[in-house]
Amino acid sequence: MRVTGIAPDNAEYFETLVPRGALDDEDLFWLGAIAEDGAACAVMGVGVYEDMAYIDWIYTDPDYREKGAARALLNTLKILLRRIDVEMLQISFSDDDENLEEFLEMEGFLTDEDGQIFSIPVHELIYSELLERYAEEHHAEGQIMTLSELKRPDDLYDYLARNGIPPLRDDEDAASSLIRTDRDGKINGCMLISRRRDEDLEISYLLSEGQAGGAVDFFVAFKELATEMDWQEDNIIFTDRSGEVIRLIETIAAIDIDSYTVTERKTGLITL
C-alpha cells in the first residue's frame, strides 16, 4: 500500500472516491492510498486549525477494505501532523458507522457521543405564522448585513477568534452569512450559513449578544435572504450543540424537533 499527497496533477485519479468538488476545497489537504495493483483505493481529507487537526473525509473503496488502506493513510497523517506540532486529531462520524468506530478505537481514538443532527425544510421555517408576525412587528436591535456587505471583513475574523470559532470555510458563503453590528459599527452577533456537500444548507454557528430578541433578528433576516436566494426547496441543517438555535426553531416553526432528527453523531479524538 502506497500513500501519496493529492494535488491537481493526480486529483483525477482519486476523484471517484470523494464527493464532487471536494478535492477543490482549499481548507483541506488530501492523502490518497494506492493498492499494489495500482488502483486508487482510499482517500482522506484533513483540515488544520492551530494545534488541532480534523478528518473531514475518509473513504475506502469497498473492494479494498480490511487491507490496510485506512491505516496507511492515518499513519502517514500522524507523521505529517507531528512535524508541524499539531497536538490533537479529531473526527466526527455517524453512530451507525460501526466499522469506522471500531477502526478508530483500535487506532487509539477515544470515541464519545457528539449529539444529534436535525434537518427541516426551509419553507417550514420561513413561512411559519410566527416568523411572518416577527417579520412584520420585530425591530432589529442593530444593523444586519451579509458578510459581503461588511466593510472590513477582518472584523468578523477577529470577532470569531475572540469567541473560539475557527476561521470561515470556503463554503461559508459571503453572500449568505449574516452579521449584526451595533450603532457604532461593532460586531455583536453572527449567523454563519454554509452549503454542505450534500447541497443542504447548514447553520454552522449562531452568536447573539445583547437583549433577548437579538437572535430573532437573524431568523427574520434569514427569511428575507432565503426568499431572495430561492432556498424554499432546500433543507436547513443544525446540531443540538446549539441550544439557542433549537429553541428558536422549535418555537418559530411550531415543531417537535426530535421528529426532524436525521442522524446521531459521535466524535473520535486522539492525542498525537
State whether the side chain of E149 and the backbone N or O of T146 hold a donor-acceptor pair below 3.5 Å, judged by distance alone. yes

Flag yes if F109 and M52 sit in one hydrophobic cluster, no otherwise; membership is Ile, Leu, Val, Met, Phe, Trp, Tyr, and two members link when side-chain heavy atoms are under 4.5 Å apart. no

Is any side-chain heavy atom of L31 closer than 4.5 Å to a side-chain heavy atom of V43? no

Would you say the side chains of T227 and E224 form a donor-acceptor pair under 3.5 Å? no

Which atoms form the tightest heavy-atom contact between A33 and L73, and what is the distance? N-CD2, 3.8 Å

Is there a side-chain contact between Y205 and N163 in this structure, where contact means two heavy atoms from C-beta onward sitting under 4.5 Å apart? no

Note, M44 side chain near V46 side chain (heavy atom, < 4.5 Å): yes

Taken in chain and number order and not counting sequence neighbours, the residues that satisfy side chain to side chain contact (heavy atoms under 4.5 Å, CB included) with E124 are P121, I255, Y260

Minimum heavy-atom distance between A35 and M1, given as atom pair plus value: CA-SD, 3.9 Å

Nearest-0.5 Å distance, CG of residue N99 to OG1 of residue T60: 10.5 Å

Which heavy atom in L131 sits nearest to a heavy atom in F219, and how many Å separate them? CD2-O, 3.8 Å

Salt bridge (Lys or Arg N to Asp or Glu O under 4.0 Å): which pairs involve residues 60-75, sequence neighbours left out? R71-E107

Checking A11 now: which residues fulfil side chain to side chain contact (heavy atoms under 4.5 Å, CB included) with it, not counting sequence neighbours? I6, L23

Quick check for you: to the nearest 0.5 Å, what is the distance between L147 atom CG and L156 atom CG? 5.5 Å

Hey, could you give me the OG1/CD1 distance between T181 and I187, rounded to the nearest 0.5 Å? 7.5 Å

Quick check on the hydrophobic clustering: are I58 and F93 connected, directly or via other members, by side-chain heavy-atom contacts under 4.5 Å? yes

If you take all heavy atoms of A215 and L248, which pair is closest and at what distance? CB-CD1, 3.3 Å

First locate atom CD1 of I91, then atom CG of L74, and finally report the distance between them rounded to the nearest 0.5 Å. 9.0 Å

Salt bridge (Lys or Arg N to Asp or Glu O under 4.0 Å) filter on E12, not counting sequence neighbours, yields none

Contact summary for F218 and C190, nearest pair of heavy atoms: CZ-N, 3.3 Å

R152: side-chain hydrogen bond (donor to acceptor under 3.5 Å, both in side chains) partners, not counting sequence neighbours: D155

With sequence neighbours left out, what residues match A161 under side chain to side chain contact (heavy atoms under 4.5 Å, CB included)? none

Taking D25 for the side chain and D27 for the main chain, is one N or O donor matched with an acceptor at less than 3.5 Å? yes

Does V18 belong to the same Ile/Leu/Val/Met/Phe/Trp/Tyr cluster as I55, with side-chain heavy atoms less than 4.5 Å apart forming each link? no

With heavy-atom distances below 4.5 Å as the criterion, would you say the side chains of I117 and T261 are in contact? no

Judged by atom type as modelled, is there a donor-acceptor pair below 3.5 Å linking the side chain of S177 to the main-chain atoms of L192? no

Is it the case that the side chain of S128 and the backbone of I252 share a donor-acceptor pair, with hydrogens and angles ignored and the cut-off at 3.5 Å? yes

Where do I236 and E202 land on the side-chain contact (heavy atoms from CB on, under 4.5 Å) test, with the steps shown first? CA-CA 5 Å; I236 187 82; E202 179 178 4; over 6 Å; no

When you group the ILVMFWY residues by side-chain heavy-atom contacts below 4.5 Å and let the links chain together, are I270 and L100 in the same group? yes

Cut-off 3.5 Å, no hydrogens considered: what does the side-chain donor-acceptor table look like for residues 77-90, sequence neighbours left out?
| unit_1 | atom_1 | unit_2 | atom_2 | d |
| --- | --- | --- | --- | --- |
| Q90 | NE2 | T267 | OG1 | 3.4 |

Taking only residues two or more places apart in sequence, or in another chain, which ones meet T4 in a side-chain hydrogen bond (donor to acceptor under 3.5 Å, both in side chains)? none

Indicate yes or no: at least one non-hydrogen side-chain atom of W57 is less than 4.5 angstrom from one of P19. yes

Can any side-chain N or O of R180 pair as donor or acceptor with the backbone N or O of N188 at less than 3.5 Å? yes

Taking K266 first and then D112, would you say they form a salt bridge - that is, a charged N and a carboxylate O separated by under 4.0 Å? no

Is it the case that the side chain of D97 and the backbone of S94 share a donor-acceptor pair, with hydrogens and angles ignored and the cut-off at 3.5 Å? no

Distance in Å, L201 CG paired with I193 CD1, rounded so as to fall on 0.5 Å steps: 7.0 Å

For M106, the other hydrophobic cluster members (4.5 Å side-chain criterion, sorted by chain and number) are none

Any residue meeting salt bridge (Lys or Arg N to Asp or Glu O under 4.0 Å) with E15, in chain and number order, not counting sequence neighbours: none

Which residues pass the side chain to side chain contact (heavy atoms under 4.5 Å, CB included) test with A226, sequence neighbours left out? V122, I126, F222, W231

With sequence neighbours left out, write down each residue that passes side-chain hydrogen bond (donor to acceptor under 3.5 Å, both in side chains) with D37, or none if nothing qualifies. Y64

Side-chain contact test, heavy atoms from C-beta onward, threshold under 4.5 Å: evaluate it for K223 versus Y127 and give yes or no. yes

Looking at every heavy atom in both I257 and F118, which two are closest together, and how far apart are they? O-CD2, 3.5 Å

Co-membership, hydrophobic cluster, residues F103 and Y54, 4.5 Å side-chain: no

To the nearest 0.5 Å, what is the distance between CD1 on I144 and CG on D217? 4.5 Å

